[in-house]
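Naming convention: chains lettered A, B, ... in sequence-line order (proteins, then strands); numbering from 1 in each chain.
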Amino acid sequence: MSESSIKIENVVASTKLAEAFDLILIESEFEGAEYNKQKFPGLVYRVLDPKAAFLVFTSGKVVCTGAKNVKDVHTVIGNMAKKLNGIGIPTIENPQITVQNIVASADLHTILNLNAIAIGLGLENIEYEPEQFPGLVYRIDVPKVVVLIFSSGKLVVTGGKSPEDCERGVEVVRQQLDNMGLL
Amino acid sequence: RLRKWQRRIRVSNATERNLAFALSELDRMASALGLPRTVRETAAVVYRKAVDKNLIRGRSIEGVAAAALYAACRQCSVPRTLDEIEEVSRVSRKEIGRTYRFISRELALKLMPTSPIDYVPRFCSGLNLKGEVQSKSVEILRQASEKELTSGRGPTGVAAAAIYIASILCGERRTQREVADVAGVTEVTIRNRYKELAEELDIEIIL
DNA sequence: AAGTTACTTTTGAAAGC
DNA sequence: GCTTTAAAAAGTAACTT
């Protein structure tokens, strides 16, 4: 029934690949790596395998952003570890990878009246400031996600730790709007 | 403890000094914008509530004062845009907006977004447009709302477009430039909005 | 001095300006 | 291009207890 048809747009994950990293060494060995300590404490490295961007820190911790799904996150981090090994930097064997955030989009395929939705969902539960941003911001407790609702019926879900969180978030919105007769 | 006593006096002095500064800031900004006393008093109430809830932490007094004034204008149905508040304040529009959303949430102000209709009287008088044009503008805005042409759009842009159309329909034409200036939007925005309104509401505009 | 808050960077979608 | 949402990482800054 609810083939939520959400599209995952971005997955952010963190992990620890070593006890410490020499970012200056990595910057000189990795093509395209950017490292400006005074600008940001992390080294920025982009890959195109599955597309992703890394933030590498001296502590050995790594942040991976831009992956299109959870599987790619593991693939791309595995590749990263191999590349580090390739330039003589050892890495932790089975790194614990934590998905920190998933951004997804969805479409309700209906034009929406955001003023009516604001009242229906309760002004205390939403943020809608068309002077500042065209989307209505709806924070859901379970699952703990934030949904941006647009008058076009398009949605953006973020804050979820799993694709299921995002899907459930969309369903909560669809259900509530339907119950209020706003769909 | 004499020490504790002195500390309390010191803290109390700082609190009072900060409150006095905030209230003078509110007065200064309200005067610059020519806002009535009721709005200033409403802003002062909002600011005091923010202080009582310790919402000033991590924020500047000027920022909270500007946000309180912005909120008060909306509560009193005489909205000023963030750009107008920014002009008389010492903080950026971005900070005012962010602070407004924060105190609005924490104080549960529960304000609906500004209605384009609330801008009509002020914008029309700024353009020397008579009551007939105002009425026509409001009529257009009501229809626009019913046809879902206002969701997600900036209230000032929609109001400006409605006034632009109404001024033409009433034979009191104002140029896009004139309307754009009093509404604080660009001519491009007026053009985009009025074309959409005219088309969807079947209004013939003869230039 | 410790704690809070916010900002720096990266990623992606939405739609208006 | 900007605006909004979330999240981690390590660092700086400006505050308050």
Side-chain angles (χ1 to χ4, degrees), chain A residues 6-17 21 23 34-46 51-68 73 97-108 112 114 126-140 144-161 165-166 169, chain B residues 7 11 14-15 18 54-61 63 82-83 93-95 97-99 101-102 150-158 184-193 196:
Chain A
I6 67 156
K7 183 188 178 193
I8 293 178
E9 307 281 359
N10 177 27
V11 179
V12 180
S14 62
T15 189
K16 185 175 180 180
L17 287 182
F21 276 137
L23 300 187
E34 304 165 20
Y35 181 43
N36 301 299
K37 195 181 178 178
Q38 40 273 93
K39 194 184 177 192
F40 187 68
L43 175 148
V44 179
Y45 183 58
R46 296 177 174 80
K51 189 185 173 188
F54 288 96
L55 298 180
V56 185
F57 299 86
T58 56
S59 62
K61 291 185 178 179
V62 172
V63 171
C64 174
T65 69
K68 288 296 181 188
V73 169
I97 298 171
T98 309
V99 173
Q100 303 287 358
N101 182 32
I102 293 179
V103 181
S105 58
D107 192 349
L108 296 179
L112 302 172
L114 299 185
I126 61 96
E127 238 177 66
Y128 175 43
E129 295 295 329
E131 184 186 344
Q132 302 180 58
F133 188 68
L136 183 153
V137 182
Y138 184 36
R139 290 162 207 276
I140 300 173
K144 200 198 159 212
V145 296
V146 174
V147 182
L148 304 184
I149 305 173
F150 297 86
S151 63
S152 63
K154 299 278 186 66
L155 310 174
V156 170
V157 191
T158 186
K161 301 282 189 197
D165 282 349
C166 299
Chain B
R7 175 169 291 180
V11 170
T15 303
N18 288 341
N54 292 316
L55 304 184
I56 289 113
R57 282 187 191 179
R59 270 159 284 271
S60 67
I61 293 170
L82 286 173
D83 288 324
R93 172 200 152 117
K94 187 175 178 177
E95 189 186 332
R98 183 191 301 135
T99 305
R101 288 198 301 272
F102 180 71
T150 60
S151 275
R153 280 107 184 176
T156 53
V158 182
V185 298
T186 64
E187 294 117 307
V188 177
T189 296
I190 295 203
R191 229 166 277 137
N192 291 332
R193 292 297 129 239
E196 184 178 40

Quiz prompt | Nearest-0.5 Å distance that lies between atom CZ in Arg46(A) and atom CD in Glu34(A) | solution = 5.0 Å

Quiz prompt | Rounded distance [0.5 Å steps], CG in Asp165(A) versus CG in Asn101(A) | solution = 10.5 Å

Quiz item: When you check the gap from the basic side-chain N to the acidic O, do Arg98(B) and Glu95(B) get nearer than 4.0 Å?
Solution: no

Quiz item: If only atom types and distance count, is the side chain of Glu131(A) paired as donor or acceptor with the main-chain N or O of Leu82(B) below 3.5 Å?
Solution: yes

Quiz item: Looking only at atom types and distance, does a side-chain atom of Lys154(A) sit under 3.5 Å from a main-chain N or O of Asp107(A), one as donor and one as acceptor?
Solution: no

Quiz prompt | Which nucleotide in dA14(C), dG16(C), dT10(C) has an atom nearest any side-chain atom of Ala53(A) | solution = dT10(C)

Output a table of nitrogen or oxygen pairs between the protein and nucleotides 8-10 of chain D separated by less than 3.5 Å.
| from | atom 1 | to | atom 2 | distance (Å) |
| --- | --- | --- | --- | --- |
| dA10(D) | OP1 | Ser59(A) | OG | 2.7 |

Self-check item: Residue mapping more 5' on DNA chain C - nearest nucleotide basis, Val156(A) or Phe102(B)
Solution: Phe102(B)

Give a yes/no answer on whether the side chain of [X] brings an N or O atom under 4.0 Å of OP1 or OP2 in [N].
{"X": "Arg57(B)", "N": "dT4(C)", "result": "no"}
{"X": "Arg59(B)", "N": "dT5(C)", "result": "no"}
{"X": "Arg98(B)", "N": "dT4(D)", "result": "no"}
{"X": "Arg93(B)", "N": "dC2(D)", "result": "no"}
{"X": "Arg101(B)", "N": "dT4(D)", "result": "yes"}
{"X": "Lys144(A)", "N": "dA7(D)", "result": "yes"}

Quiz item: Which part of the nucleic acid, if any, lies within contact of Lys94(B), taking any heavy atom under 4.0 Å across all strands shown: a base, the sugar-phosphate backbone alone, or nothing?
Solution: sugar-phosphate

Quiz item: At under 4.0 Å between heavy atoms, what does Arg193(B) touch on the DNA or RNA strands: base, sugar-phosphate, or nothing?
Solution: sugar-phosphate

Practice problem: Check whether any side-chain heavy atom of Val12(A) lies under 4.5 Å from a side-chain heavy atom of Val99(A), and answer yes or no. | Solution: no

Exercise. Starting at atom CD of Glu95(B), determine the distance to atom C1' of dC15(D), rounded to an integer number of angstrom.
Key: 14 Å

